[in-house]
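Here the structure is laid out as structure tokens; the discussion comes afterwards.
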Amino acid sequence: MSDATPTPTATPERPQLPAQSPPVDPAETAVASDKATSGRLSWWRGDGGDGAKRNLGLIGVLVALIVVGAITKPDLYGDPNWVWNNVLAILQLASVVGVVTVGMTFVIIGGGIDLSVGAIVALAGVWCTTVATQNFGAGGMIFTALVVGICVGLVNGVLISYGRLVPFIATLAMLVAARGLAASISNKQTQVSSSTFINDIAARKVIGIPILVYILGAVVLAGWILLNRTTFGRRTIAVGGNPEAARLAGINVRRHTMLLYALSGLCCGIAAIMLTSQATSAQAAMANLYELDAIAAAIIGGTLLSGGRGTIVGSLLGVIIFATITNLFAINGLSIEAQNMVKGGIIVAAVLIQQFQYKSVTRLLARNRVTTA
């Protein structure tokens with residue numbers, strides 16, 4: 001017997017045939033198309049569309065106010081010229097508070113609050129209308145107002161960021177101190193502006209629109225770009241949403257918070273020039289309660305008091321809504337007390353709606369975590 005084992009014969013490898021795709025089901029194709037369409041609309045159905053929905057709701061409120069005005073004063077609203085002039089009057093009324101609100105929106109989104117904006121406006125207005133400052137002309141007055149606003153804002157930011165003071169306490173102390181300093185500088189007297197250039201800002205129009213409205217539009221546009229198209233805006237949202245996570249991500253939270261309050265002070269300096277132009281003077285009591293108007297407008301526009309969310313457009317709509325309410329009460333001869341009660345009710349309703357939406361989103365996220373676990 002032979003112990004040799006038979007050698008295996010080589011067999012040719014079978015050629016690899018291309019894999020055939022399974023037949024396409026028309027029903028599955030339709031489902032995929034529906035998913036793609038729903039994906040394109042997910043921004044509207046999800047958190048991405050919250051801002052758009054809120055802004056549409058605010059526009060609806062404005063339309064409702066116009067309807068109320070047309071019902072109560074049909075003779076006025078029936079005149080197109082009066083309606084156009086009234087719209088310009090509302091925008092001009094909202095311009096100064098609107099500029100302050102832009103800075104306030106950044107501060108609140110960043111997780112802070114600024115109760116001193118009205119006092120900063122008064123201090124900047126009084127300081128820029130002193131005799132010594134007016135000797136440098138309109139340029140010196142504008143420069144002084146902006147520098148005073150930025151410096152006071154920086155003081156707020158330093159106290160809050162590096163002094164570890166609560167924003168409410170720090171800005172409340174600045175409110176009292178800035179009002180007192182303004183009264184001391186002006187000797188409790190009204191200081192008249194002698195600059196023709198400054199005084200003409202509120203009086204002049206370009207293409208039939210007041211310059212103050214253009215200034216408001218420029219500040220709002222700059223604020224929108226800064227919040228939505230720059231790293232500064234993304235860092236602001238991150239700091240307001242979760243400061244510790246922002247710090248771990250490499251953001252200098254203290255420095256950024258300080259810059260937010262400086263930005264708010266800059267907006268106050270711009271508003272001081274605008275308000276001085278409207279009154280052709282400045283005094284320590286000017287811009288009274290502007291901080292409450294700015295905070296209320298930001299809240300109405302959807303800015304969370306806890307920080308981390310807000311829009312410039314929503315804040316602008318909130319300012320216009322309050323200006324429209326003031327105008328509506330004025331043309332109907334209603335009292336300021338009734339106007340303030342209506343504003344207070346709107347603020348309470350807006351905060352309640354925010355809390356309801358926040359709790360709903362929190363519960364939904366918690367439910368999703370349990371489902372995926």
Side-chain angles (χ1 to χ4, degrees), residues 57-102 104 117-118 121-122 125 190 199-205 208-217 219-220 270-283 285-301 314-350:
L58 294 175
I59 293 174
V61 173
L62 281 174
V63 172
L65 291 175
I66 293 173
V67 171
V68 171
I71 293 174
T72 56
K73 291 291 181 180
D75 52 335
L76 296 179
Y77 279 83
D79 184 2
N81 292 329
W82 182 90
V83 170
W84 172 247
N85 292 329
N86 191 51
V87 169
L88 294 180
I90 292 174
L91 293 177
Q92 192 164 3
L93 177 65
S95 60
V96 179
V97 178
V99 170
V100 175
T101 303
V102 171
M104 181 68 76
V117 289
V121 171
T190 299
N199 297 340
D200 286 347
I201 292 177
R204 287 183 180 178
K205 294 182 179 181
I209 300 176
I211 294 179
L212 291 180
V213 178
Y214 285 108
I215 296 175
L216 172 62
V219 173
V220 168
I270 298 173
I273 294 295
M274 298 169 67
L275 193 58
T276 301
S277 175
Q278 284 183 317
T280 66
S281 63
Q283 56 180 336
M286 66 190 295
N288 189 32
L289 298 181
Y290 271 32
E291 54 276 358
L292 300 184
D293 291 338
I295 293 172
I299 294 173
I300 293 298
S315 297
L316 174 63
L317 291 174
V319 173
I320 295 176
I321 285 176
F322 280 126
T324 304
I325 292 175
T326 301
N327 177 266
L328 187 62
F329 275 63
I331 63 177
N332 283 279
L334 299 177
S335 63
I336 298 179
E337 291 78 11
Q339 178 187 143
N340 291 334
M341 287 189 290
V342 171
K343 287 183 178 181
I346 292 175
I347 295 170
V348 171

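All values below come from the heavy atoms of this structure, side chains included, with hydrogens, waters and symmetry mates left out.
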Subject >> Verdict with supporting geometry, Val96 and Val121, side-chain contact (heavy atoms from CB on, under 4.5 Å) >> reply: CA-CA 10 Å; Val96 179; Val121 171; 5.5 Å; no
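- Across all non-hydrogen atoms, the minimal contact from Glu291 to Met104 is O-CE, 4.1 Å.
- Put simply, CG on Leu58 and CD1 on Ile321 are 4.5 Å apart, with the number rounded to the nearest 0.5 Å.
- Residues passing the side chain to side chain donor-acceptor pair (under 3.5 Å) test with Ser315 are Thr105, sequence neighbours excluded.
- None of Val219, Thr101, Val102, Leu216 except one satisfies the side-chain contact (heavy atoms from CB on, under 4.5 Å) rule with Leu316; the exception is Leu216.
- When the salt bridge (charged side-chain N to carboxylate O under 4.0 Å, His left out) test is applied to Asp200, the partners found at least two apart in sequence or on another chain are Arg204.
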For residues 63-79, tabulate all N or O donor-acceptor pairs below 3.5 Å that involve a side-chain atom, not counting sequence neighbours.
unit_1 : atom_1 : unit_2 : atom_2 : d
Thr72  : OG1    : Val68  : O      : 2.9
Thr72  : OG1    : Gly69  : O      : 3.2
Thr72  : OG1    : Asn332 : OD1    : 3.3
Asp79  : OD1    : Asn81  : N      : 3.3

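- Here the CG-CD1 distance, from Leu212 to Ile273, works out to 11.5 Å after rounding to the nearest 0.5 Å.
- A distance of 8.5 Å separates CD1 of Ile211 from OG of Ser277, quoted to the nearest 0.5 Å.
- Partners of Thr190 by side-chain contact (heavy atoms from CB on, under 4.5 Å), not counting sequence neighbours, listed by chain and number: Ser281, Gln283.
- Atoms CD1 and CG, on Ile295 and Leu289 in that order, are 10.5 Å from each other to the nearest 0.5 Å.
- Of the residues listed (Val97, Asn288, Val100), the one engaging Asp293 in a side-chain contact (heavy atoms from CB on, under 4.5 Å) is Val97, and it is the only one.
- Although no hydrogens or angles enter the test, the distance criterion places no donor-acceptor pair under 3.5 Å between the side chain of Gln278 and the main chain of Ala202.
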Contacts under 3.5 angstrom, residues 323-331 side chains, donor-acceptor by atom type, not counting sequence neighbours:
unit_1 : atom_1 : unit_2 : atom_2 : d
Thr324 : OG1    : Ile320 : O      : 2.7
Thr326 : OG1    : Phe322 : O      : 3.0
Thr326 : OG1    : Gln339 : OE1    : 2.9
Thr326 : OG1    : Lys343 : NZ     : 3.4
Asn327 : OD1    : Asn86  : ND2    : 3.1
Asn327 : ND2    : Asn86  : OD1    : 2.8

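- For the side-chain contact (heavy atoms from CB on, under 4.5 Å) test, residues two or more places apart in sequence or in another chain that qualify with Val213 are Leu91, Ile209, Pro210.
- The two residues Ala272 and Gly125 have their closest heavy-atom pair at CB-N, 3.7 Å.
- More than 12 heavy atoms of other shown residues, nucleotides or ligands fall within 6.0 angstrom of atom CH2 in Trp82.
- In this structure, the separation between OG1 on Thr276 and CE on Met274 is 11.0 Å, given to the nearest 0.5 Å.
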